[in-house]
Structure formats: structure tokens, C-alpha cells
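Working notes for the structure below.
Letters go in sequence order (proteins before strands), and every chain restarts at 1. Below, each value reflects all heavy atoms present in this structure, side chains not excepted, and no hydrogens, waters or symmetry copies.
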Amino acid sequence: MSATKKARMPAQGGYALFLAPGMLLCTAVIIVPLIATMVISFTRWQGIGPLHWIGLDNYTRLLHDQNFWASFKNIGILILAMVIVPTMIGLALAAVLFDYVAKRFGPRMAAFLRSSFYLPQVLPVAVTGVVWGWILNPDYGALNTVLNKVGLHSLAHNWLGDPHYALPTVMFTLAWAQIGYPLVMFMAGLQRVDPELYEAAELDGAGWRQRFLRVSVPLIRPEIYVVVVTTTIATLKIFGQIFVLTGGGPGNSTLVPSYFAYKNYFQNANVGYGSAISTVLTAMIVILAVVFLRVQARNQKTEKP
Amino acid sequence: MLAVLLVLALLVLAPFLLVAINAVKTPSEYASGGPLSLPSALHLSGLIDFWNRADFGLMLLNSFLISLGAAVIGVVLSTLNAYAIGIGRLRGRGALLIFFLIANVLPQEELVYPLYYAAKSMNLYDTRTSLIIVFGVIHSAFGAYLLSSVYGEFPRELLDAASVDGAGRLRTLWHVVIPISRSTLTVLFTFFFIWTWNEFFFPLVFLVSNSKQTVPVALGLLQGQNMMDVTTTSSSALLGILPAVLFFLIFQRTISRGITSGALK
């Protein structure tokens, strides 16, 4: 009571009251669980019974756990499929759709193509997993059935069940799902660009390639930046596709940190260890986000004349 | 060039087409003609089988109720927070914005176990309510961040005029701020709804009984069981795809406005 009275006192008063429900719920759903997980990461706990304080033991155990290292190595490789490849393809596609298709065949054709590429993005990731799980099934899946029918038996593989093929196969499905997002962002960015800049470049004798590299790419740098940041963070958090497609296997060939934490929480009743994995992942994501924000702030400063 | 692009687009859409043509075949048709042959007739038995086995109508209802509830709570909390921060210009708003930003990037694994434990001890485990609250609050962190910057540039004359007319904070919010920012709020609502619909991790952890599960969880769990024939599997995929595509078509304009105004996953 006294707190709300105090907040009403200053001239700007009355507004603090509007913050109360949101902050109360944020405390209950975000702040307290966040702190609790960090605390639990220093204990041995099975989810029931008393917590045993073990200090840094979970973290030292992580350093010697090859599953932990495998999960982060896999994330590093997955960044290729979720960040680098989609951004490059998205850039090329956006430039072609904006500069060539929209001008030669009308904006409706460009919009149609953009929507086609974007469609995988609207699906729940678990549903994407179901679709690909069926197509890639070694016994009755569409891919192997087709390969066998046309006589290419040697190309048919156990796509998700063979440790050599599982990660590349998962990467392919991720890249497929991801391309639409940078494409839509970059096309929106290109719309922002002043057409006069292109005309000026053309007058200066710049070819299509030069215009793309010297005019388009630098001008949509903010969009490229946002895409790279958000997809990198999304890669670190990846869970649903892995759960549905491979369960992290075979072995640990497609294991990722979030799935590794999930297994420790709910299958191995190793809540303390799961919390340590989650906390390391969280620290990495927050550090990455802070670094990105800093770089962005600096870029904005230097861009202003 | 256009031909190349059309072929590329067709390749991206190929999984959808495969699912659609094989969902309406009989298993024997699949065995003889393979996945690329067109169905001889519309066989809906795979779809009906899966619908009944998964109680799919109920899954749709669960997904709809949870998404709607979370979107409403998310928009209400975002608006209240942003009103205080963006228009009220509270002291310490910088720290609050940083908090919302961090809350936004947190992986769900960092929150899940204490929430799971709390839900169990409060008899909210395995309820739709628990998910509505959790998602509503998590989304509101994003909404508060985005809306605060929108409200920070709200025309002051309108606020001054309202206060000259004797409107209090609440009346100003309801009669001036909300009507003017309605289009931004619509974008937020749409995104919160679709994000919740697509969620997998929290629903997987929180909803154990079949009668409470959402569409993605029901499909994801059935996938692992390997007890369905090929046409039933593609039927299940088709039923999972349809609602998402429907939302996309209905909200297409709102979505593209949202994606590009920074409403990112």
C-alpha cells in the first residue's frame, strides 16, 4: 500500500501503478525461475527431496562431458544451416525478386514467389519435423521410395538414423525452413532504398553486380544485421526440430544444448546438471546479445555524419 | 531467370505438395505408385483415421484456447507496461527496457524447471491455464519493449488535450492511446497468437494428458511412435500444416507488417 502511495506522489505519478501487474507477473514467471535455475545449478537435485549443495561440481563435470562438447560443436555447425546459408541465399533471392522479377513481371509475381519461399516459416517447427520425418523415413519415406523407383538404390540412405548423414540431413531441413525469413526482411529493406541511388549508380556505369554489392548490400546492412543476430540466437535455442527428427541421435551426432538439458531434467532426473547446462547456454546467449547490441550502437554512431 | 526461380519455389513447396497428394491415397496405392503418382481418387480414410485417433478436433480447440488466452494477456500486459514506460517516462525505464530485452532472449530451458515445479505444487500442472499465463507473460516482455518505443513517440498534444479535458490516466489510456495504436496492437496480437500456436517446448513439458495437448505436441509425439502407416503419417502432417497456412493467409498483411517492423522471433 505504502509503495503505491509513494509512486503517486511525484508529478509523473499514477503511471507506476500501470506497471504493477506486468512486473508482478514477470517476477513470478521470469525473474524468480531464472534465479532459481541458477541456484539449482550449484546443487545435486533429483527434482524431489532435499537439494545438496555441491558448488561448482556440475560445471566441472560439464567440462569433461563429451556430450556437452558435442552439443556445442553441433550448434557451431548448425549456424551454417540457419544463419550463413539462408542469409546468403536470401540476399541473392531478394535482389533478384526486387530488381528483376518485380520490374519485368510485376510486383504480384514477386510477391507470389516471396510467399512461396516464406511458407515453411509459418509452420510450427514440430510440424515441419513431422513432414520431413515422413519424407526421410528409410523404409517408407518419399525420398528413398523415389530413389529406389528410378534405380538409384545406392543413393538411398538411412538419412536420420546414420551418424554420418544425420547432421547434414537435419541441416538441410533447417535451411529449407529458414530461407523465407531473410528474404522477406531484405525485400522490405530494399523497398526503403531511394531509387535515385540506383539510377545514379547506373549513370556511373555500374553493372548489376556492382549495384548489388555497392548500393543494395550496404544500404540494407541494418536488416542483414538483425537477421544474423536473431537467427544466431534462434540456432542456440533450437529444440523442437531435433526432438521430432532425431532425438539428438544417433549417438550424440545431432545433440544440441537445449535437448541435452531437457534430457537431464525430465528423463535422467538430474535437475542440477540440467540447470548447469541451461545456465551456460543462457550466459552464452546473453553475452552474444549484449555484444551485438554494442556493435549496433557503435555502427549507428559512426554512420551519422 | 524466372523459370529458375519458379523451379526453386516449386522445390521449396515440394514437401507440401508431397504431403497433400499422399494424404489422400490408400496405402496400397502408395506401395504401387510411389509418392510421386497422383491419387486415383480422394481417399479420406487416412485423414479421418488420424483425426479420430489423435482426437484432432480437441487438439485444435486446445491450441486455439491457449493461443487466444496468451495473446490477450500478452497484449494487455504489454500495453500497461509500455504506457507506464513510454508515455509515463518512469524513472529507471532504461533498466526496465534492458530487463525486457534480456527476458526476450532467454532460452526456455532456463525457466522451465522452476515453473514446472511451481505448477505442480499449485495444482496448475497439466492445465491450459498454466501455459496461458506463462506464454502471456513471456510475450509481454517482447511487447513491452517494442511498444515502449512506439509510445515514446506518441504525440504529446493529444495527451495534453486529454488531461485538459480532465481525463485521468486510465481514461487517457482507454480513449486516446489504445485507439490510436490499434494497428500496432493488432500486429502484436497476431504474432503472440501464432507464436503460441507454434510453441513446442513448454506444451511438451506441461501438458501430459492427451486431452490437453496442442496440435504440435500431439503430432510431435505421434511421430516418434512409428505405429502409423504411410498415408496416415502424411495425413497427420497435412492436418498440422492446414491451420498454420490458414492463419498465414488470413493475417498475411498483418504478418508482413510485423516481420519488418522488428516483430521477430
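- The aromatic ring centroids of A:Trp176 and B:Phe16 lie less than 6.0 Å from each other.
- Side-chain atoms of A:Lys237 come within 3.5 Å of backbone atoms of B:Val105 as a donor-acceptor pair (strictly under, hydrogens ignored).
- With a 4.5 angstrom heavy-atom cutoff, A:Val271 touches chain B only via side-chain atoms.
- With a threshold of 4.5 angstrom between heavy atoms, B:Phe100 approaches chain A through side-chain atoms but not through N, CA, C or O.
- If you measure heavy-atom distances from A:Leu288 to chain B, you find no contacts under 4.5 Å at all.
- For B:Leu170, the parts sitting under 4.5 Å from any heavy atom of chain A are the backbone and the side chain alike.
- Using a 4.5 Å cut-off between heavy atoms, A:Met109 contacts chain B through its side chain alone, with no backbone atom that close.
- In this structure, no portion of B:Ile98 lies under 4.5 Å from any heavy atom of chain A.
- Neither the backbone nor the side chain of A:Ile48 comes within contact range of chain B; no heavy atoms are under 4.5 Å apart.
- With a 4.5 angstrom heavy-atom cutoff, B:Asn104 touches chain A only via backbone atoms.
- Between B:Tyr116 and A:Phe266, the ring centre distance stays below 6.0 Å.
- At a 4.5 Å heavy-atom cutoff, B:Glu199 makes no contact with chain A through either its backbone or its side chain.
- Both the backbone and the side chain of A:Ala142 come within contact range of chain B, with heavy atoms under 4.5 Å apart.
- Proximity to chain B is limited to the backbone of A:Ala28, based on heavy atoms less than 4.5 angstrom apart.
- Closest approach of B:Val12 and A:Ser116 over heavy atoms only: CG1-O, 3.7 Å.
- No part of B:Leu238 comes within reach of chain A, as not one of its non-hydrogen atoms sits under 4.5 angstrom from that chain.
- Your options are A:Thr37, A:Val96, A:Val184, and the one with the most heavy-atom pairs under 4.5 Å with chain B is A:Thr37.
- Within the 4.5 angstrom heavy-atom criterion, only side-chain atoms of A:Leu113, from C-beta onward, approach chain B.
- Looking at B:Val76, neither its backbone nor its side chain comes within 4.5 Å of chain A, counting heavy atoms on both sides.
- Proximity to chain A (any heavy atom under 4.5 Å) is shown, for B:Leu80, by both the backbone and the side chain.
- Looking at B:Leu96, only its side chain comes within 4.5 Å of chain A, counting heavy atoms on both sides.
- Only the side chain of A:Leu93 has a heavy atom closer than 4.5 Å to any heavy atom of chain B.
- Only the side chain of B:Val112 has a heavy atom closer than 4.5 Å to any heavy atom of chain A.
- Using a 4.5 Å cut-off between heavy atoms, B:Leu10 makes no contact with chain A at all.
- Using a 4.5 Å cut-off between heavy atoms, A:Leu25 touches chain B through backbone and side chain atoms alike.
- Results of the side-chain contact (heavy atoms from CB on, under 4.5 Å) test with B:Glu110 over A:Leu281, A:Ile30, A:Thr279 single out A:Thr279 as the only residue that passes.
- Minimum heavy-atom separation, A:Val130 to B:Leu219: CG2-O, 3.8 Å.
- If you measure heavy-atom distances from B:Leu18 to chain A, the contacts under 4.5 Å come from both the backbone and the side chain.
- Both the backbone and the side chain of B:Tyr83 come within contact range of chain A, with heavy atoms under 4.5 Å apart.
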